[in-house]
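Read the structure below first, then the notes.
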Amino acid sequence: MYVLGNDHGRLIVIGRMTVESVLDFQAAKARFGPNIWDAAWHLIASDATPQRFDRVVPEADARAITGASGKPLRIAPGAYQLDSQTLMTVRQITAASAEILDRALMESGAEEPSSAIATTAIVRRLSAAECKVVEERAMTVALDELRRAGWSKITRTAERFSWDYEVQEGAAAARVEVKGSTRTIKSIELTRKEVDSARTYPHSILVLVSDIALDRAGPTAQGGHATIDDPWEIVEEQLRAERFSYRLS
């Protein structure tokens, strides 16, 4: 999800978040206490960019952003002036529009470019649809590698837990984290939950799927070179904190 704003008529990208769950007002109040924003729905993020108010989308790009229905943002015809009501509702946007917003995030220096594409986040410089096919290709290649490694029982858990697969062979069991990229993987992004799982679970496996071939025309994804780190143990010295959550008293 992208959070957008209107800065004196110009479109700004305040941030982007990966939605982990959606809570109604009562559920959010029970989780966070009574002093919450009075809204019908509250989105809980598993990952997000820093919040900023200086990421201005160029006028030509702002005019190219459209909803899934094909309807553009309301912008004055003769000047870069957003209609005051055009951002009042939540709407689905096209993959091309998402790419425009991702580019605004990148060009503002919001994020340091990474060679690794996390399967739990929106892929940098790729549309949502392209991200999805890369993710699924990484999962498919990882599944084949796990079978070749001798795991007989493999359960996909990516939609329910922070790890992507659970594997079992006899009495042995492990959790599997999968990371995929269209390039060579030199580093990966990990959520707090992914780190916590690797730190605390007795047996974790990391599968890296690099050099996935993406055809943007489909989009479709093929190929990919897999490497398995088994057992995978977090090396504390190799972790680097890039985002923090600060709770106000």
Side-chain angles (χ1 to χ4, degrees), residues 1-25 28-29 31-69 71-114 116-118 120-128 130-131 187 189-193 240-249:
M1 167 170 279
Y2 298 89
V3 182
L4 307 180
N6 185 337
D7 179 32
H8 299 89
R10 303 177 302 171
L11 179 68
I12 59 173
V13 187
I14 298 171
R16 183 188 67 205
M17 61 185 286
T18 302
V19 179
E20 181 178 80
S21 58
V22 181
L23 305 180
D24 62 21
F25 178 78
K29 186 177 179 180
R31 180 168 176 178
F32 298 107
N35 298 321
I36 62 171
W37 185 260
D38 186 11
W41 301 99
H42 292 254
L43 305 183
I44 310 302
S46 62
D47 188 32
T49 64
Q51 176 180 276
R52 282 175 47 181
F53 296 87
D54 60 349
R55 304 184 187 112
V56 178
V57 179
E59 179 179 357
D61 286 344
R63 292 185 183 278
I65 293 173
T66 60
S69 64
K71 186 177 180 180
L73 298 174
R74 293 198 299 271
I75 304 175
Y80 191 3
Q81 186 70 39
L82 283 174
D83 185 280
S84 61
Q85 301 297 311
T86 196
L87 300 179
M88 294 298 291
T89 60
V90 178
R91 70 183 72 181
Q92 184 179 358
I93 60 174
T94 63
S97 298
E99 190 170 0
I100 289 172
L101 297 177
D102 284 340
R103 186 166 61 247
L105 286 166
M106 284 293 298
E107 291 176 351
S108 70
E111 299 172 313
E112 179 181 326
S114 169
I117 298 172
T120 55
I122 297 176
V123 179
R124 295 186 175 96
R125 296 196 180 98
L126 300 186
S127 69
E130 292 165 344
C131 171
S187 65
E189 292 183 350
L190 297 169
T191 66
R192 186 184 68 181
K193 289 184 178 180
R240 182 180 67 179
E242 294 188 344
R243 282 192 288 271
F244 297 88
S245 175
Y246 182 69
R247 179 172 294 180
L248 300 177
S249 58

For this session: Report the distance from atom NZ of Lys29 to atom CG of Leu23, rounding to the nearest 0.5 Å.
Result: 14.5 Å
Seminar exercise, completed: When every non-hydrogen atom of Val57 is compared with those of Tyr80, the smallest separation belongs to O-OH, 2.5 Å
Seminar exercise, completed: Tightest non-hydrogen contact, residues Glu59 and Ala79, listed as OE2-C, 4.1 Å
Exercise. Shortest non-hydrogen contact from Gln81 to His8?
Worked result: OE1-O, 3.9 Å
Problem set entry | Reference residue Leu43; test side-chain contact (heavy atoms from CB on, under 4.5 Å); the match among Val3, Thr18, Val19 | Val19
Exercise. Is Glu99 paired with Arg103 through a side-chain N to carboxylate O contact shorter than 4.0 Å?
Worked result: no
Problem set entry | Over all atoms of both residues, closest heavy-atom pair of Ala45 and Met17 | CB-CE, 3.4 Å
Exercise. If we only count heavy atoms from C-beta on, is the Leu4 to Ile14 side-chain gap below 4.5 Å?
Worked result: no
Problem set entry | Arg10: partners by salt bridge (Lys or Arg N to Asp or Glu O under 4.0 Å), with sequence neighbours left out | Asp7
Problem set entry | Atom CZ of Arg192 with >12 non-hydrogen neighbours under 6.0 angstrom | no
For this session: Work out which heavy atom in Trp37 is nearest to a heavy atom in Phe25; give both atom names and the distance.
Result: O-CE1, 3.8 Å
For this session: Would you name the heavy atoms of Gly5 and Leu82 that are closest together and state the gap between them?
Result: O-CD1, 4.3 Å
For this session: Report yes if some heavy atom in the side chain of Leu11 is under 4.5 Å from a heavy atom in the side chain of Ile75; otherwise report no.
Result: no
Exercise. Who pairs with Arg31 by salt bridge (Lys or Arg N to Asp or Glu O under 4.0 Å), at least two apart in sequence or on another chain?
Worked result: none
For this session: Check step by step if side-chain contact (heavy atoms from CB on, under 4.5 Å) holds for Leu87 and Leu73.
Result: CA-CA 8 Å; Leu87 300 179; Leu73 298 174; 4.1 Å; yes
Exercise. Could you walk me through whether Leu101 and Arg16 pass the side-chain contact (heavy atoms from CB on, under 4.5 Å) check?
Worked result: CA-CA 9 Å; Leu101 297 177; Arg16 183 188 67 205; over 6 Å; no
For this session: For Arg55 and Ala104, indicate whether the former's side chain and the latter's backbone hold a donor-acceptor pair under 3.5 Å.
Result: no
Return all side-chain donor-acceptor pairs below 3.5 angstrom for residues 88-95, not counting sequence neighbours, or 'none' if the list is empty.
| from | atom 1 | to | atom 2 | distance (Å) |
| --- | --- | --- | --- | --- |
| Arg91 | NH2 | Thr86 | O | 2.6 |
| Thr94 | OG1 | Ser97 | N | 3.1 |
| Thr94 | OG1 | Ser97 | OG | 2.8 |

Problem set entry | Audit row: Ile100, Tyr2, side-chain contact (heavy atoms from CB on, under 4.5 Å) steps and yes/no | CA-CA 11 Å; Ile100 289 172; Tyr2 298 89; over 6 Å; no
